[in-house]
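See structure below.
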Amino acid sequence: MPLNASRNSLVLPILGLLVEQPAHGYDIATRLRERYGHLSVTRSTVTSLLKALERAGMVSSRLPERVGNRPPRTAYELTAAGLADFRRKVEAGVRDTPAASVDFVMAVAYVGILPIDQAASILLGRADRLDQELAALSGLPDSDVLEVHMLEVAYWRTIVATEATWIRTLVRRIRSHEIGWPTQQTDKQGSAEA
């Protein structure tokens, strides 16, 4: 785990799940594994991150509750500071992460936390940046190297072009209201209703 736990790749989806509803560590770990099979998730890591997030003031814990014969479990909820940080992380993840990265996938999964116009603008900015990257890749000089030794360049051009196209299609769908956008209301505890 990094010295600054907030940089752990699980923090964004943990905060995202807490935007949806308060939950205890076991529930969060289970939902992360179900929703994001590509992430390495352990209950102990989730518990450690929740405690670090609580120390940082991003989440708060409720008194432990017992359900049935199960041991008491501490539920966590997002604070106003945690919600603000989550929005910043989503914005930065959509805007700044490399093409085809897991960090982009995690950020775009929660882009609905941003106002619709802001989300569309940031997404289009990313598509423009990807177009510039694609232009740079297309501008590589032809060489005497056999194509078989440069297959990764053609692959990467395809990946970058596909992501830019997908983003522009997503923005069109968002702006046409083909994709429903959550109403964002913040309650006094700082969690958002989506």
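Values reported hereafter were calculated over all heavy atoms of this structure, with side chains retained and with hydrogens, waters and symmetry mates removed. This is a predicted model, so every value here is computed, not measured.
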Taking all non-hydrogen atoms of both residues into account, name the closest pair between [X] and [Y] and its distance.
X: Arg157; Y: Leu134; result: O-CD1, 3.5 Å
X: Ala100; Y: Glu163; result: N-OE1, 2.7 Å
X: Asp128; Y: Arg168; result: OD1-NH2, 2.6 Å
X: Leu32; Y: Pro13; result: CD2-CB, 3.5 Å
X: Thr97; Y: Arg129; result: O-NH2, 2.8 Å
X: Arg126; Y: Pro98; result: NH2-O, 3.0 Å

Is the backbone of [Y] close enough, under 3.5 Å, to the side chain of [X] for a donor and an acceptor to pair up by distance?
X: Thr47; Y: Gly25; answer: no
X: Glu54; Y: Ser61; answer: yes
X: Ser121; Y: Asp117; answer: no
X: Trp181; Y: Pro115; answer: no
X: Thr45; Y: Val41; answer: no
X: Arg173; Y: His177; answer: no

Hey, quick one: are [X] and [Y] part of the same hydrophobic cluster, counting side-chain heavy atoms closer than 4.5 Å, chains of contacts allowed?
X: Val145; Y: Leu151; result: no
X: Val105; Y: Val94; result: yes
X: Tyr26; Y: Leu15; result: no

So do [Y] and [X] actually touch side chain to side chain, heavy atoms under 4.5 Å?
X: Lys51; Y: Tyr76; value: yes
X: Leu124; Y: Arg175; value: yes
X: Leu18; Y: Ile28; value: yes
X: Arg87; Y: Gln118; value: no
X: Ile179; Y: Leu170; value: yes
X: Leu39; Y: Val102; value: yes

Spacing of [X] atom [atom1] and [Y] atom [atom2] [to the nearest 0.5 Å]:
X: Leu12; Y: Met106; atom1: CG; atom2: CE; value: 7.5 Å
X: Leu130; Y: Ile159; atom1: CG; atom2: CD1; value: 11.5 Å
X: Arg73; Y: Arg66; atom1: CZ; atom2: CZ; value: 10.5 Å
X: Leu114; Y: Glu91; atom1: CG; atom2: CD; value: 6.5 Å
X: Arg43; Y: Ser48; atom1: CZ; atom2: OG; value: 12.0 Å
X: Leu123; Y: Arg95; atom1: CG; atom2: CZ; value: 11.5 Å

Plane angle bin for His38 and Tyr36 - parallel if under 30°, tilted between 30 and 60°, otherwise perpendicular
perpendicular

Using ring pair (Phe, Tyr, Trp, His ring centres under 6.0 Å) as the criterion, list what pairs up with Tyr110, not counting sequence neighbours.
Phe86

More than 12 heavy atoms of other groups within 6.0 Å of [X] [atom1]:
X: Arg172; atom1: CZ; result: yes
X: Glu152; atom1: CD; result: yes
X: Leu63; atom1: CG; result: no

Derivation and outcome, side chain to side chain contact (heavy atoms under 4.5 Å, CB included), residues Leu83 and Ile113
CA-CA 9 Å; Leu83 181 60; Ile113 195 74; 3.9 Å; yes

